[in-house]
Number of protein chains: 2
Amino acid sequence: MTNDLIARVRRFNRTVTSEVGALDMSFLGRGRPLGAARVLNAIGHGRGDVAEIRAYLGLDSGLMSRLLRGLEQEGLVETLPAADDARRRVARLTEAGEREYRAYETLSDAQAAAMLARHPHPEALIAAMDVVAVALGHARIVLEEVHPRDAVARYCLGEYYAELGRRFPGGFDVSLSRDPDAEEMVRPRGVFLLALLDGLPLGCVGLKGGTGEVKRLWVAPAARGFGLSKRLMRAIEDAARGLAIPCLRLDTNSALPEAVQLYRRTGWTEIPRFNDDPYPDTFFEKRL
Amino acid sequence: MTNDLIARVRRFNRTVTSEVGALDMSFLGRGRPLGAARVLNAIGHGRGDVAEIRAYLGLDSGLMSRLLRGLEQEGLVETLPAADDARRRVARLTEAGEREYRAYETLSDAQAAAMLARHPHPEALIAAMDVVAVALGHARIVLEEVHPRDAVARYCLGEYYAELGRRFPGGFDVSLSRDPDAEEMVRPRGVFLLALLDGLPLGCVGLKGGTGEVKRLWVAPAARGFGLSKRLMRAIEDAARGLAIPCLRLDTNSALPEAVQLYRRTGWTEIPRFNDDPYPDTFFEKRL
DNA sequence: CATAATCTCTGACTTAGATCAGATATCTCT
DNA sequence: AGAGATATCTGATCTAAGTCAGAGATTATG
């Protein structure tokens, strides 16, 4: 059939690849070949270590070396031996390089903005992009420990609260719930984890030291169904073992049946209410 | 806020471009350089005319010529002068070329299928892909005249009926409506138009000769808001002028307010009911 | 019918990107 | 201190891709 799903995916691929020049910042016409532009961009993004850039961009050491020499000759980059290991070199942008990098960023931003401006439903487009990005790249999702007051962490928490607001019959107001108490989710007392795909936040979970409570488990709608919440929970349990916490607890709500089911299936046992928070109605614990 | 959205788009671009090798059939490792694979694929897709392939792939004439010679030497392609103009040449696949083309197709299909199989919500993924493809490529949407019984036309009509079924309070049953009468929407009596993006059907509209009725105006959800319905209507009016139809009519329903609004804004005037079809409740005409 | 335009082809050339072998300097481990 | 591993660099070489000028055949046009 002409219109079956596989054909649809293939047509998408064709459209996207034919627009790749427009997608990828590296072609944004500043008279520099792709390879050099990518290296400049990688350095600008904070990847100083030459070996790291090489691994990230998948370049041969010879080619990498030549690209760096080229950027050096243009006066955009300078390289120094690494402080701790003089075999390795770290590259950094000169002032001119910084300007050039900013120019690429500005162009890319402008282009993304133009695409959004042209679109009748920007939020729907973004949501669709997230779905596609996750489908393409879910194998590259990484977990990362951050401070719960970090900007990305706060974005995740905001999404989490918004979701609770939509799903609890009476809505959700953070201030009525037990105080987030960010400092309790920071080493050495606790942990806060993010799930990221190329920097796109797709999930989070926190572990509050002291009480040994798991809090704020959230997975972005676009990333659901890939086992990410299970992965986050496994990571938080590992972290708890590392912190020598013998037993974890958590509260949840029967309005979130996927969550309740996840806990039941992964070794948690239901226990009586252990706090007076107005929102949860279901309570679990797990011995480690 | 807007900044956040821009950053999201840019992250999407990064993810997609880093997966481009996996998206694009041309890298599906059959030991042939990209250029040659693209030409082979274009011919397999039915683009015989050398100049047409050249324009489609954006190739220099010299490069194109050499790629064709290469494929000829591999025994995959043969070229003949065009029947009507011996300056031009048409390329076609040999049997070996046909096999090679099929091999690419099979690989690409398998890859697309694998991506779908890995996904927890394939239909949601497809819908998201359509949204992204339209956002990237809406400038490349083309209108094409087809027979209303063509497979793609029928897909569009099916979607159209399904949408009516969702939006009419009592649902929609084609058989109760006036018979589609496909033959009335074929030259020289009438016309049927599709809107396509890289072959992805995004809309349709029909003109029934004789009565001069415009029928079956539909635009895919992913393509709404880009002025496509206006474009389809303009094309159908142009076609009507070409067929020397002096006055067009159409029926619609107040449950489809965007449609009613479109007609009002583009020179149509409401008229009394002119048929006994059970579904429409609003009627328009337009003198050309 | 002569001239201009069109299409393809060929040869010469350039650039970007990739690969490989080995040189050099430095680090790790015993 | 010495052997082996590691990181980078250089030179040589290759392929893919793109560019340009012009030749040759054919068609369109005045």
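Owing to the predicted nature of the structure, the values given are computational and were not obtained by experimental measurement. Order of the sequence lines fixes the chain letters, A, B, ..., with proteins taken first and strands second; residue numbering starts at 1 for each chain.
- Within residues 72-81 of chain A, no residue is approached by DNA chain D to less than 4.0 Å at the level of any non-hydrogen atom.
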Item to check | Stepwise side chain to side chain contact (heavy atoms under 4.5 Å, CB included) test for B/Phe192 and B/Val146 | outcome: CA-CA 6 Å; B/Phe192 193 82; B/Val146 299; 3.9 Å; yes
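- In this structure, A/Arg87 places its CZ atom 6 Å from P of C/dT28, rounding to the nearest Å.
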I'd like a list of close polar pairs between nucleotides 19-22 of chain C and the protein, N/O only, cut-off under 3.5 Å.
residue, atom, partner, partner atom, Å
C/dT19, O4, A/Arg66, NH2, 3.3

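- For DNA chain D, the outermost nucleotides in 5' to 3' order that have an atom under 4.0 Å from a heavy atom of chain B are D/dA16 to D/dT27.
- The CZ-C1' distance, from B/Arg89 to C/dT6, rounds to 15 Å in whole Å.
- Protein atom CE of B/Met64 is 14 Å distant from nucleotide atom P of C/dC7, rounded to whole Å.
- Summary of the strand contacts: A/Ala83 and A/Leu59 both lie near DNA chain C, and taking for each the nucleotide with the nearest heavy atom, the more 5' one is attributed to A/Leu59.
- Distance B/Arg54 CZ to C/dC7 C1': 8 Å, rounded to the nearest Å.
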Next on the checklist: Does A/Leu93 form a side chain to side chain contact (heavy atoms under 4.5 Å, CB included) with A/Glu100? I'd like the steps, not just the answer.
Outcome noted: CA-CA 9 Å; A/Leu93 299 182; A/Glu100 194 63 18; over 6 Å; no
Item to check | Residue pair B/Ile245, B/Leu207: steps toward the side chain to side chain contact (heavy atoms under 4.5 Å, CB included) verdict | outcome: CA-CA 10 Å; B/Ile245 295 173; B/Leu207 170 62; 4.0 Å; yes
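- For B/Ser61, the side-chain contact (heavy atoms from CB on, under 4.5 Å) partners at least two apart in sequence or on another chain are B/Arg54.
- Residue-to-nucleotide proximity on DNA chain D shows that, of A/Val50 and B/Gly35, the 5′-proximal contact is made by A/Val50.
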Next on the checklist: Could you go through B/Leu76 and B/Arg99, starting from their C-alpha distance and side-chain angles, then the distance that decides it, and tell me whether this counts as side chain to side chain contact (heavy atoms under 4.5 Å, CB included)?
Outcome noted: CA-CA 9 Å; B/Leu76 303 175; B/Arg99 275 197 301 279; over 6 Å; no
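- Checked by atom type and distance alone, the side chain of A/Thr79 never pairs as donor or acceptor with a backbone atom of A/Val90 at under 3.5 Å.
- The environment of B/Arg102 atom CZ is sparse: at most 12 non-hydrogen atoms of other residues, nucleotides or ligands sit within 6.0 angstrom.
- Here C/dC7 presents its P atom at 16 Å from CG of B/Leu68, a figure rounded to the nearest Å.
- Side-chain contact of B/Arg69 with B/Ser65: a donor-acceptor pair under 3.5 Å is present, judged by distance alone.
- Note that the two end axes of the helix from C/dC1-D/dG30 to C/dT30-D/dA1 enclose an angle of 20°, each drawn from 5 base pairs, rounded to 10 degrees.
- When side chains are defined from C-beta on, A/Val39 does not count as touching A/Val77, because their heavy atoms never get closer than 4.5 Å.
- Judged as a ring pair (Phe, Tyr, Trp, His ring centres under 6.0 Å), the pairs with a partner in residues 31-54 of chain A (not counting sequence neighbours) are, in order, A/His45-A/Tyr101.
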